[in-house]
Amino acid sequence: MLLAGAAAALLIIVLISGAEFVIARLGVPLGKSPNFLLPADRRGLWILLLSIVVVAPVAEELMFRGLLLDWLREHLPAGAAIWVGSLVFAALHGISFHSGAGTWLAFADRTLLGVGASVFTLRTGSLRPGIVLHAITNALAVVLALALAVCQG
């Protein structure tokens with residue numbers, strides 16, 4: 001099931017990247033990507049990787065899938081609990097919707113991540129596959145941000 005979490009992370013990245021490509025080709029402005037992920041030095045990179053790739057996925061999965069999803073399941077059918085929890089998860093990631101189409105794609109990305117992690121949690125009874133999904137997605141985001149920064153000089 002951990003391999004499924006990794007595969008789901010890659011699928012989400014491919015879907016969102018494909019959507020960005022199509023939207024950009026249609027001439028819709030995506031908006032500027034924030035550079036807050038980029039560290040100033042090597043030490044900062046290790047702190048960034050530790051916090052975004054390890055600490056955040058564990059903490060967020062405990063909170064959103066461990067607590068919120070359980071609570072929602074007591075009050076809603078599974079499908080509704082998955083979507084409500086995933087939309088809350090995406091909304092609490094501080095996305096500004098008036099900054100272009102890219103922010104809507106970021107919201108969709110976080111929502112899909114929440115759906116995938118929720119489905120894994122409910123199917124396996126474990127947070128581990130969702131944590132793997134979340135960690136790989138975050139790691140790819142950091143790698144892509146660093147690659148864009150290098151390409152842009």
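Excluded from the calculations below are hydrogen atoms, water molecules and symmetry mates; all remaining heavy atoms, backbone and side chain alike, are included.
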Q) Linking I/L/V/M/F/W/Y whenever any side-chain heavy atoms sit under 4.5 Å apart, do W83 and V119 land together? A) yes
Q. What are the two closest non-hydrogen atoms of V53 and A135, and how far apart are they?
A. O-CB, 3.3 Å
Q: Might you point out which heavy atoms bring F107 and A91 nearest each other, and give the distance in Å?
A: CE1-N, 3.6 Å
Q. Which heavy atom of P57 sits nearest a heavy atom of N138, and at what distance?
A. CG-ND2, 3.8 Å
**Q.** Pairing residues for F89 by the ring-ring contact (aromatic ring centres under 6.0 Å, His included) criterion, not counting sequence neighbours
**A.** F64, H93, H134
(Q) Looking at R65 and L68, would you say the former's side chain and the latter's main chain have a donor-acceptor pair under 3.5 Å? (A) no
**Q.** Closest contact, heavy atoms only, A56 versus I52
**A.** CB-O, 4.0 Å
Q.
Can you give me the closest heavy-atom contact between A117 and E61, atom names plus distance?
A. CB-OE1, 3.4 Å
**Q.** Spacing of CG belonging to L140 relative to CD1 belonging to I136, to within rounding of 0.5 Å
**A.** 7.5 Å
Q. Could you state the interatomic distance from CE (M63) to CG (L92), rounded to the nearest 0.5 Å?
A. 7.5 Å
**Q.** Pairing residues for S126 by the side-chain hydrogen bond (donor to acceptor under 3.5 Å, both in side chains) criterion, not counting sequence neighbours
**A.** R128
**Q.** Straight-line distance of T121 OG1 to L69 CG, nearest 0.5 Å
**A.** 6.5 Å
**Q.** Nearest-0.5 Å distance that lies between atom OG1 in T111 and atom CG in L105
**A.** 11.0 Å
**Q.** ILVMFWY network linking L122 to V132, side-chain heavy atoms under 4.5 angstrom
**A.** no
**Q.** Hydrophobic cluster of L62, others only, ordered by chain and residue number, side-chain cut-off 4.5 Å
**A.** V58, L127, I131
